[in-house]
*Asks:* 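Starting off with a structure, shown below.
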Amino acid sequence: MARHLITSALPYINGIKHLGNMVGSMLPADVYSRYLRQRGHDVLYICATDEHGTPAELAAKEQGIPVAEFCAQAHDAQKAVYDGFALAFDYFGRSSSEQNVEITQHFARRLNENGFIEERAIRQVYSPTDGRFLPDRYVEGTCPHCGYDKARGDQCENCTRVLDPTDLINPRSAISGSTDLEVRETKHLFLLQSKLQHEVEEWVSRHEADWPQLASSIARKWLNEGLHDRAITRDLDWGVPVPADTWPELAAEGKVFYVWFDAPIEYIGATKEWADLDPENRDWKSWWYDVDTTVRYTEFMAKDNVPFHTVMFPATELGVREPWKKVDYVKAFNWLTYYGGKFSTSQKRGVFTDQALDILPADYWRYFLIANAPESDDSSFTWEHFTATVNKDLADTLGNFVNRVLSFSKKRFGEEVPAGGAPGAAEAKLGEEIARLLAEYEQQMEALQFRKAAAALRALWSAGNSYLEEKAPWLEIKTDKDGAALTLRTAMNLIHLYAVVSEPFIPATSAAMRQAFALPSDTATWISADEARSLTALTPGIPFTVPPVLFAKLTDEDLENYKERFGGSPE
């Protein structure tokens, strides 16, 4: 089987992330990783907290604690939420790790040796009030492109345009709020992306036809506008230090690398962190170095991260002139909105992941988010839509099927899978339908089309309900007890199939369905087409229990409570 390297965009360290962050990178990467593992592939899913840059320093300053302490606490808090969402990372690292420092500095030295880094004097915003140069995110103001008045000096959150601090209208210090700003000369390192333009274009050209249109169009837009040389150092107290053996003057001034230079390198750094925990059995370079045809690398991210992963980081990798693995497939997502307005960490608008888990278990959110993933365009979260989806798909279609099959069988046949007669035409028809839908589900998962995969999974659940309604064992038992037993045994085999194939979406619920049956050995990782047609994994006599209600139906009162707590609009 193939070896699959999977990464999702690194979540910023400054606070718990909202549902838009979850569905835009980490959750779909987890769903895909789980699916690939079930199909027998060798998978390594790597992520980490992105701990450098101004968000970390500003958040630590707000709390009045050292930035290193803040990052350690925030990493643990984020990891606890991701554990709550059942994200099965192979490793969740930290961009402040020694491994990332080592590899980032190696990349910088190699780029310098190859003529792709240049030291330049530039004019930079200085705040006399704060007594320091202000890195890009320490400057806020009005975006010159869209007029958004809370744009940062590196990128406008509203229109996603990349900016320089001097582009902002009416700029102010993010530290003190002072508008008494000056522009002074200082020195920084620049990555000469202009010299790598043609190489990046050639590389993108070889891959963009396979990428989603969203990813390829963003990459092509950047390339068509022309790659510009960009400063890759900042005046911060927290970050990967510029190595003194190569740039002694800048190191003495305390320069650190720009967060968008070291953050993508942390994918490699985190893999080394993982390997260093068990060096005798783990080889981090076997996933990253000189493995172009033996590893398939898939990245998951929202659209604002696409330029850095399809253009900027590939330029870095190309410039080091070493055979580092480059991404094969970029799965990009649009925005999940909150009643049509943007979720926003900085403005605390929308539902945040820790709040979501306080309300309902993770599987409710996992299913809803993936079933409504913003793939082809933005999608909107509303409490009305969430409630309707939970009630129809999870509570009625899946949960009610499981409960009524097992409860009725226990009542009429006891706590073992009943025998019944031989399968007939209805069972053969059902088997063919299940095999067809399972193939559709597999096809959409392989293509990373998550909404379509969710629709195929929902259709699998619906097929069981249709079969049950057609056979009506509650009526059948009055005239044909063996026939009713066969119907229930077939339905129980469907429950086991659902337990196996639903695991990427709803892992906790899948485990509960699987544990309902006391199989002497249940090692099934997937269901073959032949197994789907025959539906015979559960033989008569196997003990079972009726699990607690899998999904509680949400009421009108629940809906009103959610809207009162979070608001029914983004305003």
*Asks:* Taking the side chain as C-beta and beyond, is there a heavy-atom pair between Pro307 and Met312 under 4.5 Å?
*Replies:* no
*Asks:* For Arg321, is there an ion pair with Glu199 - N to carboxylate O distance below 4.0 angstrom?
*Replies:* yes
*Asks:* Looking at every heavy atom in both Phe70 and Asn14, which two are closest together, and how far apart are they?
*Replies:* CZ-CA, 4.1 Å
*Asks:* Salt bridge or not for Asp378 and Lys303, using N-O below 4.0 Å?
*Replies:* yes
*Asks:* Apply the side-chain contact (heavy atoms from CB on, under 4.5 Å) test between Leu554 and each candidate in Leu360, Leu559, Asn561; give the one that qualifies.
*Replies:* Leu360
*Asks:* Hey, what's the ring geometry for Tyr126 with Phe133, parallel, tilted or perpendicular (30° and 60° as the breaks)?
*Replies:* perpendicular
*Asks:* Could you tell me if the side chain of Leu448 sits less than 4.5 Å from the side chain of Phe300, heavy atoms only?
*Replies:* yes
*Asks:* Cation-pi check for Tyr258 against Arg234: NZ or CZ below 6.0 Å from the six-membered ring centre and within 45 degrees of the axis, yes or no?
*Replies:* yes
*Asks:* Any donor and acceptor pair, going by atom type alone, linking the side chain of Lys325 with main-chain N or O of Asp292 inside 3.5 Å?
*Replies:* yes
*Asks:* Measure the shortest side-chain to side-chain distance between Phe308 and Met301 over non-hydrogen atoms and say whether it is less than 4.5 angstrom.
*Replies:* no
*Asks:* Give the intermediate values and the outcome of side chain to side chain donor-acceptor pair (under 3.5 Å) for residues Gln155 and Asp304.
*Replies:* CA-CA 9 Å; Gln155 187 175 28; Asp304 57 334; 5.6 Å; no
*Asks:* Take Asp262 and Ser95 through the test side chain to side chain contact (heavy atoms under 4.5 Å, CB included) and record every step on the way to the result.
*Replies:* CA-CA 8 Å; Asp262 82 85; Ser95 68; 4.1 Å; yes
*Asks:* Is the backbone of Arg451 close enough, under 3.5 Å, to the side chain of Glu375 for a donor and an acceptor to pair up by distance?
*Replies:* yes
*Asks:* Mind running side chain to side chain contact (heavy atoms under 4.5 Å, CB included) on Thr54 and Leu236 for me, showing each step along the way?
*Replies:* CA-CA 8 Å; Thr54 55; Leu236 292 169; 3.8 Å; yes
*Asks:* Is the closest basic N to carboxylate O distance between Lys563 and Glu384 below 4.0 Å?
*Replies:* yes
*Asks:* In terms of side-chain heavy atoms, does Gln73 have a donor or acceptor partner in Glu69 at a distance below 3.5 Å?
*Replies:* yes
*Asks:* Quick one: does any side-chain atom of Gln124 pair with a main-chain N or O of Val183 as donor and acceptor, under 3.5 Å?
*Replies:* no
*Asks:* Using the ring pair (Phe, Tyr, Trp, His ring centres under 6.0 Å) definition, which of the options Phe257, Trp324, Phe261 pairs with Phe107?
*Replies:* Trp324
*Asks:* Any carboxylate oxygen within less than 4.0 angstrom of a Lys/Arg side-chain nitrogen, looking at Glu225 and Lys221?
*Replies:* yes
*Asks:* Salt bridge or not between Asp229 and Lys195? Use side-chain N to carboxylate O under 4.0 Å.
*Replies:* no
*Asks:* Are Trp383 and Phe566 an aromatic pair, judged by ring center distance below 6.0 Å?
*Replies:* yes
*Asks:* Are the side chains of Thr382 and His385 in contact, using a 4.5 Å heavy-atom criterion?
*Replies:* yes
*Asks:* Do side-chain atoms of Asn372 reach the backbone of Phe368 as a donor and acceptor pair under 3.5 angstrom?
*Replies:* yes
*Asks:* Is Arg109 salt-bridged to Asp245, going by a charged N under 4.0 Å from an acidic O?
*Replies:* yes
*Asks:* So, for Phe92 and Tyr82, is the gap between ring centers shorter than 6.0 Å?
*Replies:* yes
*Asks:* Could you check Ser96 against Glu51 for side chain to side chain donor-acceptor pair (under 3.5 Å), going step by step and ending with a plain yes or no?
*Replies:* CA-CA 6 Å; Ser96 61; Glu51 300 188 7; 2.7 Å; yes
*Asks:* Using a 6.0 Å cut-off, check whether atom CD of Glu119 has over 12 heavy atoms from anything other than its own residue.
*Replies:* yes
*Asks:* Do side-chain atoms of Thr233 reach the backbone of Leu189 as a donor and acceptor pair under 3.5 angstrom?
*Replies:* yes
*Asks:* How about Lys150 and Glu140: do any of their side-chain heavy atoms sit closer than 4.5 Å?
*Replies:* no
*Asks:* With ring-ring contact (aromatic ring centres under 6.0 Å, His included) as the criterion, how do Trp287 and Tyr297 come out once you've worked through the C-alpha distance, each side chain's angles and the decisive distance to 0.1 Å?
*Replies:* CA-CA 9 Å; Trp287 290 95; Tyr297 178 20; over 10 Å; no
*Asks:* Under a 3.5 Å threshold, yes or no: a donor from one side chain and an acceptor from the other, between Asp393 and Tyr367?
*Replies:* yes
*Asks:* Do the side chains of Val240 and Val259 get nearer than 4.5 Å, heavy atoms only?
*Replies:* no
*Asks:* So Thr142 and Leu168, do their side chains get closer than 4.5 Å, heavy atoms only?
*Replies:* no
*Asks:* Any chance you could lay out the ring-ring contact (aromatic ring centres under 6.0 Å, His included) test for Trp260 and His309, step after step, and finish with the verdict?
*Replies:* CA-CA 10 Å; Trp260 265 113; His309 290 79; 5.7 Å; yes
*Asks:* So which atom in Ile169 and which in Pro144 form the shortest heavy-atom distance, rounded to 0.1 Å?
*Replies:* CD1-CA, 3.9 Å
*Asks:* Indicate whether the side chain of Tyr138 and that of Glu57 have a donor and an acceptor atom separated by less than 3.5 Å.
*Replies:* yes
*Asks:* Judged by modelled atom types alone, do Ser25 and Ser8 share a side-chain donor-acceptor pair under 3.5 Å?
*Replies:* no
*Asks:* Any idea how Tyr35 and Tyr32 line up, ring-wise: parallel (<30°), tilted (30 to 60°), or perpendicular (>60°)?
*Replies:* parallel
*Asks:* Just checking, Lys331 and Phe333: is the charged tip under 6.0 Å from the six-membered ring centre and within 45° of the axis?
*Replies:* yes
*Asks:* Could you tell me the separation between the CG atom of Leu36 and the CG atom of Leu44, rounded to the nearest 0.5 Å?
*Replies:* 12.0 Å
*Asks:* Does any N or O in the side chain of Arg110 come within less than 3.5 Å of the main-chain N or O of Val320, such that one atom is a donor and the other an acceptor?
*Replies:* yes
*Asks:* Regarding His188 and Glu253, do their side chains bring together a donor and an acceptor under 3.5 Å, going by distance alone?
*Replies:* no
*Asks:* Distance only, no hydrogens: is a donor on one side chain within 3.5 Å (strictly under) of an acceptor on the other, for His207 and Asp210?
*Replies:* no
*Asks:* Would a distance-only check, ignoring hydrogens and angles, find a side-chain to backbone donor-acceptor pair under 3.5 Å from Gln105 to Glu102?
*Replies:* no
*Asks:* Any side-chain heavy atom of Phe505 sitting closer than 4.5 Å to one from Val31?
*Replies:* yes
*Asks:* Examine distances only and state if a side-chain atom of Arg132 and a backbone atom of Asp235 form a donor-acceptor pair shorter than 3.5 Å.
*Replies:* yes
*Asks:* Between Tyr329 and Glu299, do the side chains contain a donor N or O and an acceptor N or O under 3.5 Å apart?
*Replies:* no
*Asks:* Would you check if the side chain of Asp328 reaches a backbone N or O of Thr298 as a donor-acceptor pair within less than 3.5 Å?
*Replies:* no
*Asks:* Assess the pair Trp365 and Phe386: is the distance between their ring centroids shorter than 6.0 Å?
*Replies:* yes
*Asks:* Is the backbone N or O of Glu266 less than 3.5 Å from a side-chain atom of Asn100, with the two atoms forming a donor-acceptor pair by type?
*Replies:* yes
*Asks:* Test side chain to side chain contact (heavy atoms under 4.5 Å, CB included) on Trp222 and Val200; report intermediate values, then the result.
*Replies:* CA-CA 11 Å; Trp222 266 47; Val200 176; over 6 Å; no
*Asks:* Could you walk me through whether Thr271 and Trp288 satisfy the side chain to side chain contact (heavy atoms under 4.5 Å, CB included) test, starting with their C-alpha distance in whole Å, then the side-chain angles of each, then the deciding distance to 0.1 Å, before giving a yes or no?
*Replies:* CA-CA 9 Å; Thr271 308; Trp288 281 102; 2.9 Å; yes
